[in-house]
Protein chains: 2
Amino acid sequence: MKSQATRVTLLHHGLRALSLDGLSGVTLGRLAEAASLSKSGLFAHFRSKEQLELALLDEAARLARAHVVEPAMQAPDGLPRLRAVVERWLGWAPRAGLPGGCPVAAALFELDDSTGRVREHVAALECEWRGLLRSLVASAVAQGQLHAETEVEQFVWELCGIYLSHHASARFLRDPAADARAHQAFDALLRRAAPVIRGLPQ
Amino acid sequence: MKSQATRVTLLHHGLRALSLDGLSGVTLGRLAEAASLSKSGLFAHFRSKEQLELALLDEAARLARAHVVEPAMQAPDGLPRLRAVVERWLGWAPRAGLPGGCPVAAALFELDDSTGRVREHVAALECEWRGLLRSLVASAVAQGQLHAETEVEQFVWELCGIYLSHHASARFLRDPAADARAHQAFDALLRRAAPVIRGLPQ
DNA sequence: CAGTGATACGACCGATCGTGCTTTTTTGCA
DNA sequence: TGCAAAAAAGCACGATCGGTCGTATCACTG
């Protein structure tokens with residue numbers, strides 16, 4: 001099973017390139033060179049550029065699950081778990097060993113007007129991720145840690161905005177305050193959804 | 001001044017490509033063909049790919065000013081003007097005749113790990129834009145339409161998150177509720193910064 | 001009307017793109 | 001240890017990339 005090891009190497013270097021340069025930056029020639037392989041040797045593993053891209057996206061998702069979701073799942077269900085996921089979600093890519101940004105976030109803006117399997121795959125990953133966030137928020141609502149009228153979908157939508165703004169300000173603008181801004185925004189979002197105390201409206 | 005007309009044509013087609021496929025999607029060959037020009041004829045206008053990209057970014061900024069800022073400036077200074085700008089900012093690209101998304105937003109995620117003049121130019125445009133937003137928010141604060149302790153920078157940061165989330169959900173996910181979500185998020189942001197009534201704290 | 005500089009052309013450069021083939025090397029097992 | 005199968009290399013393809021060349025044509029000015 002030497003093949004498996006090579007595949008791992010390819011995915012590793014491919015993910016680095018994907019993180020740094022986006023999907024259009026992943027090139028068979030460069031990836032082959034980075035992995036010390038010939039282009040045709042690479043082709044033995046992925047029958048096409050498209051299949052390589054799909055595999056890289058899956059690998060990115062796997063990394064995210066391992067570095068964001070799974071460790072956060074040890075927090076108690078409900079609000080603590082939501083907080084834990086958000087905490088690890090923001091800026092997860094560098095912490096997962098990637099030299100660049102979140103490949104999926106970049107793909108959202110790179111493929112917004114494209115068509116084909118790759119776009120659909122990114123869409124599926126994104127929907128799956130938002131579904132996870134929805135379930136976390138819904139749990140916090142169910143446990144009374146967020147108030148019952150919380151609009152879960154809207155909450156998740158705004159949370160994604162915080163993530164994207166954090167990505168832009170941390171990675172592109174290199175604002176050292178990015179983390180603090182994101183936390184402050186998330187806290188405000190939580191406060192809006194805080195359970196009602198003593199029946200105080202709004 | 002035939003040259004000027006050709007340049008306008010080039011910028012027009014280039015901006016279409018930029019909006020659809022991002023910076024890496026703008027290609028000298030394709031642009032020349034779209035503008036019914038030879039590659040070398042194109043080179044008479046832009047001495048390099050980089051200069052073309054810079055010119056395209058400037059043109060995008062010009063378009064944004066014309067379609068977003070200038071018309072909104074007719075609204076009264078302060079909160080109404082801020083609202084007018086945000087109203088026209090969200091989804092401005094299609095309304096400005098672009099077939100794709102906002103080129104600057106896409107560039108934020110495409111160039112986050114790059115270097116060079118193009119990246120710096122995008123950064124300058126983005127900083128300029130955020131400066132405009134800051135001044136709008138500050139005006140609303142100065143007029144007492146937002147409360148005095150409003151953290152202007154944080155406000156703008158979260159507003160950018162709303163814009164990015166709107167871009168992702170409207171353009172990539174094609175969620176028809178994107179506009180409504182963005183408006184709801186913006187309203188919540190405004191409510192958080194609403195002037196204090198009757199000395200009610202928080 | 002002549003002349004000059006801007007504008008655009010077609011051909012072409014080396015490099016690289018994604019993708020096929022065929023051959024060689026390596027691997028894992030009988 | 002020998003051998004089939006798998007893995008990688010080698011080579012080549014058509015297309016396209018950004019870019020340069022010399023040349024022709026156009027518009028404007030004197």
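Excluded from the calculations below are hydrogen atoms, water molecules and symmetry mates; all remaining heavy atoms, backbone and side chain alike, are included. In what follows, every chain begins at residue 1, and chains take the letters A, B, ... in the order their sequences are listed.
When the side-chain nitrogen and oxygen atoms of Thr6(A) are compared with OP1 and OP2 of dA7(D), none of them lie within a distance under 4.0 Å. Here His45(B) reaches the OP1 or OP2 of dA8(C): one of its side-chain N or O atoms lies under 4.0 Å away.
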Could you run down nucleotides 14-21 of chain D 5' to 3' and tag each one B, S or - for protein heavy-atom contact under 4.0 Å? ---SBBBB
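Here dT16(C) presents its C1' atom at 15 Å from CG of Leu31(A), a figure rounded to the nearest Å. If you measure from atom CD of Gln4(A) to atom P of dA7(D), you get 9 Å, rounded to the nearest angstrom. The nearest whole Å value for the distance from the CD atom in Glu33(A) to the P atom in dA15(C) is 14 Å.
Here Ala60(A) pairs with Leu15(A), Pro103(A) under the side-chain contact (heavy atoms from CB on, under 4.5 Å) rule; sequence neighbours left out. Phe43(A) meets the side-chain contact (heavy atoms from CB on, under 4.5 Å) test with Leu28(A); sequence neighbours excluded.
In this structure, Phe155(B) and Phe186(B) have perpendicular ring planes: the angle between them is above 60°, well past the 30° mark.
When heavy atoms are screened at a 4.0 angstrom cut-off, Leu42(B) is found touching no nucleic acid atom at all.
No hydrogens or angles considered: nothing links the side chains of Trp129(B) and Tyr163(B) as a donor-acceptor pair under 3.5 Å. Gln184(A) and Glu158(B) are not linked by any side-chain donor-acceptor pair at a separation below 3.5 angstrom, with hydrogens and angles left out of the test.
Ion pairing of Arg30(B) with Glu33(B) is absent here, as no side-chain N (NZ or NE/NH1/NH2) approaches a carboxylate O to less than 4.0 Å.
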